[in-house]
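Data first, discussion second: the structure below is written as structure tokens.
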Amino acid sequence: MILDRIRVGDMRTNCYILGDENTRDALLVDPGADGDIILERCQELGLTITNIALTHFHFDHIIALDEIRKKTGAPAYIHALDAEPLRAPHPMFYTWCRGIPTGLVADHTVIEGDIIRFGQYKAAVLHTPGHSPGGMSLYIEKEATVLTGDALFYHSIGRTDLPWSSGADLKAGIRTRLFTLPPETLVYPGHGRPSTIGEEIANNPYI
């Protein structure tokens, strides 16, 4: 599997390109900004975006969605519980970013256990709420890799002082859906450096 990370936007959000090395199909995760840079990188890698996944609805993970969707025709997926906040963001978020799109609708909603495919690979949806109601992680079991969005970071977790967030839900989701994965599983978060499940079980002070 090809895994490429681009840091996009003012908040340096991790946008991931996951590709099948044979079919050259790609799953784009969290196109938070800089759509032209993302598309150029896919071209450099020789990959075609066939699906787009949003780990949650927050503006720094979705601003380039429509640009990329229009240019590639790839459908977008979001957890069902984040579909409405994606369409109608809370007014508080506009204090941080005036350019948040309104009326944004994903092509598909997913829930726990659903699969998003790219080539021969399967990304399983793990519902990891708390930072947002429909926060989701994507687990590629074949590659022992999980993309955790803003649920789990290196030695940290997502903030829960935002509209529709819950600290109790966040910690419960991490314990039951992420910390039950094999310890060698690679963790690729929505911000910052990678980690492993074993590292976070042993050393994350928030869980």
Task: CG/N22: more than 12 non-hydrogen atoms of other groups inside 6.0 Å - done: yes
- [ ] List the steps and the verdict of side chain to side chain contact (heavy atoms under 4.5 Å, CB included) for I63 and V8.
- [x] CA-CA 10 Å; I63 283 181; V8 299; over 6 Å; no
Task: Nearest-0.5 Å distance, OG1 of residue T48 to CZ of residue F118 - done: 14.0 Å
Task: Distance-only donor-acceptor check, side chains Y121 and E21, under 3.5 Å - done: yes
Task: R41 and D4, any side-chain heavy atoms less than 4.5 Å apart - done: yes
TODO: Say whether, by atom type as modelled, one donor and one acceptor occur between the side chain of R69 and the main chain of A74 under 3.5 angstrom.
DONE: no
Task: L39 CG to Q43 CD distance, which is reported to the nearest 0.5 Å - done: 9.0 Å
TODO: For the pair L181 and Y139, evaluate side chain to side chain contact (heavy atoms under 4.5 Å, CB included) and give the outcome as yes or no after the intermediate values.
DONE: CA-CA 9 Å; L181 299 176; Y139 179 44; 3.7 Å; yes
Task: Cation-pi check, R5 onto Y16 ring (under 6.0 Å, within 45° of axis) - done: no
Open item on the list: Could you check, using the six-membered ring where one of them is a Trp, whether H56 and H79 have ring centers closer than 6.0 angstrom?
Closed with: no
TODO: Would you please test L54 and Y77 for side chain to side chain contact (heavy atoms under 4.5 Å, CB included) and show each step?
DONE: CA-CA 6 Å; L54 308 175; Y77 296 75; over 6 Å; no
Task: Short N-O contact, K122 and E141, less than 4.0 angstrom - done: no
Open item on the list: C15 vs L28, test: side chain to side chain contact (heavy atoms under 4.5 Å, CB included). Steps then yes/no.
Closed with: CA-CA 7 Å; C15 171; L28 180 67; 3.5 Å; yes
Task: Residues H191 and D60: side-chain donor-acceptor under 3.5 angstrom - done: yes
Open item on the list: Could you tell me if the side chain of I115 sits less than 4.5 Å from the side chain of V125, heavy atoms only?
Closed with: no
Open item on the list: Quick check for you: to the nearest 0.5 Å, what is the distance between H131 atom NE2 and T148 atom OG1?
Closed with: 11.0 Å
- [ ] Using only heavy-atom distances, determine whether the side chains of D150 and H61 contain a donor-acceptor pair under 3.5 Å.
- [x] yes
